[in-house]
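To start, the structure itself, in structure tokens.
Bear in mind that the values here come from a model prediction, so they are computed numbers and not experimental data.
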Amino acid sequence: MIHLRNVRKKYFEQEQPALRGVTFRMKPGEFAFLVGPSGSGKSTLLRILHGEEAASSGIILVNNYDVTHLDRRQLPYYRRTVGMVYQDFRLISDRTVEENLAFAMRVIGAPDKEIRERVAEVLEQLELTGHRHKYPTELSGGEQQRVAVARAILNHPALVLADEPTGNLDPKLSYEVMKLFERINEDGTTVLVVTHEQSLVDQFHKRVIRLEEGKIIADKEGGSYQP
């Protein structure tokens, strides 16, 4: 669940706010694309939803947490409910695929038996079992992004956020990665994807939220990239 009301973000060095009164809701199990031109506030909004930055004002409720007033003690618990996928993968280069995934569970204190079982399950789910002992540099861009998606869903998050997850991939791999997000959503996970890929947005016919100059100018179910 996501509920934002009149969310504003102002950076000191900027004359205009990055977000200006953003208001929208997402129900549990929804899938939405967040689109808009460069500099419209899309990545800022995702960082706020992930707890990486604080909003200047407004109300932000996510997965039964009041994100507006999260303190340091609450943040690790909140982050367990939110998976994040980045454009640049952010995998640990000197660890294998299996070790990258295990590390993501170990940092939240999961027991070894649970780590082994869940990592094996997700590797199979995302068709990565054959790559478990490879290092990130031995994988293609599409395979690295699949590992990044696997890491994001390891801890059974209620929400997955993706910031330009296909930005470094060709059209065929981009489509395959987006199908992964669709499968994750069909299992009940809420998914919010930031993208500039017009063809992908138009192919998948999901809800489309459009930001421009920090404000939502369109929000349509089964929409297209253009408002």
Side-chain angles (χ1 to χ4, degrees), residues 2 4 7 9 11 14 18-20 22 24 26 30-53 55 60 62 67 79 82-93 100 104 126 128 136-137 139-154 157 159-185 189-220 223-227:
I2 299 176
L4 280 74
V7 174
K9 176 66 178 180
Y11 295 102
Q14 291 182 332
L19 298 175
R20 300 189 293 162
V22 171
F24 73 92
M26 285 184 71
E30 269 199 277
F31 187 125
F33 289 112
L34 182 63
V35 305
S38 179
S40 60
K42 304 184 303 295
S43 293
T44 296
L45 181 54
L46 251 62
R47 288 195 295 271
I48 289 172
L49 290 173
H50 193 230
E52 296 173 34
E53 295 187 15
I60 307 166
V62 181
V67 180
R79 287 266 182 85
V82 182
M84 187 76 180
V85 181
Y86 301 92
Q87 177 178 344
D88 57 359
F89 317 136
R90 302 198 184 182
L91 302 176
I92 304 170
S93 61
N100 265 274
L126 271 64
L128 288 164
T137 53
L139 303 175
S140 68
E143 289 164 348
Q144 289 187 65
Q145 193 58 291
R146 268 195 287 157
V147 175
V149 173
R151 181 182 57 196
I153 66 170
L154 270 172
L159 169 66
V160 168
L161 305 171
D163 192 2
E164 300 283 5
T166 61
N168 293 325
L169 307 178
D170 63 38
K172 180 176 181 295
L173 290 175
S174 295
Y175 179 82
E176 291 176 1
V177 168
M178 206 57 66
K179 289 295 288 184
L180 279 181
F181 286 117
E182 191 172 55
R183 279 169 44 195
I184 292 165
N185 175 246
T189 304
T190 307
V191 176
L192 180 62
V193 178
V194 165
T195 185
H196 65 275
E197 305 254 7
Q198 179 172 342
S199 61
L200 280 178
V201 174
D202 293 346
Q203 275 180 292
F204 280 83
H205 306 291
K206 305 294 186 182
R207 178 181 176 185
V208 180
I209 303 167
R210 185 172 186 86
L211 272 177
E212 286 194 10
E213 297 182 346
K215 297 177 70 175
I216 292 179
I217 64 162
D219 186 348
K220 185 178 180 182
S224 60
Y225 188 89
Q226 295 300 332

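Counting heavy atoms from C-beta outward, Val160 and Phe181 have side chains that approach closer than 4.5 Å. Side-chain contact between Glu164 and Tyr86: absent, with no pair of heavy atoms (C-beta onward) separated by less than 4.5 Å. For the pair Leu159 and Ile2, the minimum side-chain heavy-atom distance is below 4.5 Å.
Residues Arg146 and Glu176 are not paired through a salt bridge, judged by the lack of any N-O separation under 4.0 Å between the basic side chain and the carboxylate. Look at Glu52 and Arg47 and you find no salt bridge, because none of the NZ, NE, NH1 or NH2 atoms lies under 4.0 Å from a carboxylate O.
The OG atom of Ser174 sits 4.5 Å away from atom CD of Glu197, with the distance rounded to the nearest 0.5 Å. A distance of 5.0 Å separates CZ of Phe24 from CG of Leu4, quoted to the nearest 0.5 Å. Rounded to the nearest 0.5 Å, atoms CG (Leu126) and CD (Glu143) are 12.0 Å apart. Distance CD/Gln198 to OG/Ser224: 7.5 Å, rounded to 0.5 Å. Atom-to-atom distance recorded for Leu45:CG and Leu192:CG is 7.0 Å, nearest 0.5 angstrom. Remark: Phe89 CZ to Asn100 CG distance equals 12.5 Å, nearest 0.5 Å.
Each of Asn168, Asp163, Thr195, Thr166 was checked for a side-chain hydrogen bond (donor to acceptor under 3.5 Å, both in side chains) with Gln87, and the lone residue meeting it is Asn168.
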Checklist entry - Where do Gln145 and Val85 land on the side chain to side chain contact (heavy atoms under 4.5 Å, CB included) test, with the steps shown first? => result CA-CA 8 Å; Gln145 193 58 291; Val85 181; 3.3 Å; yes

Next on the checklist: Could you go through Met26 and Arg207, starting from their C-alpha distance and side-chain angles, then the distance that decides it, and tell me whether this counts as side chain to side chain contact (heavy atoms under 4.5 Å, CB included)?
Outcome noted: CA-CA 10 Å; Met26 285 184 71; Arg207 178 181 176 185; 3.6 Å; yes

Item to check | Candidate pair Leu91 and Val147, rule side chain to side chain contact (heavy atoms under 4.5 Å, CB included), full reasoning | outcome: CA-CA 8 Å; Leu91 302 176; Val147 175; 3.8 Å; yes

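Classified by interplanar angle (parallel below 30°, tilted 30° to 60°, perpendicular above 60°), the ring pair Phe33/Phe204 is perpendicular.
Tyr11 carries Lys9 over the face of its six-membered ring, with the cationic atom under 6.0 Å from the centre and within 45° of the normal.
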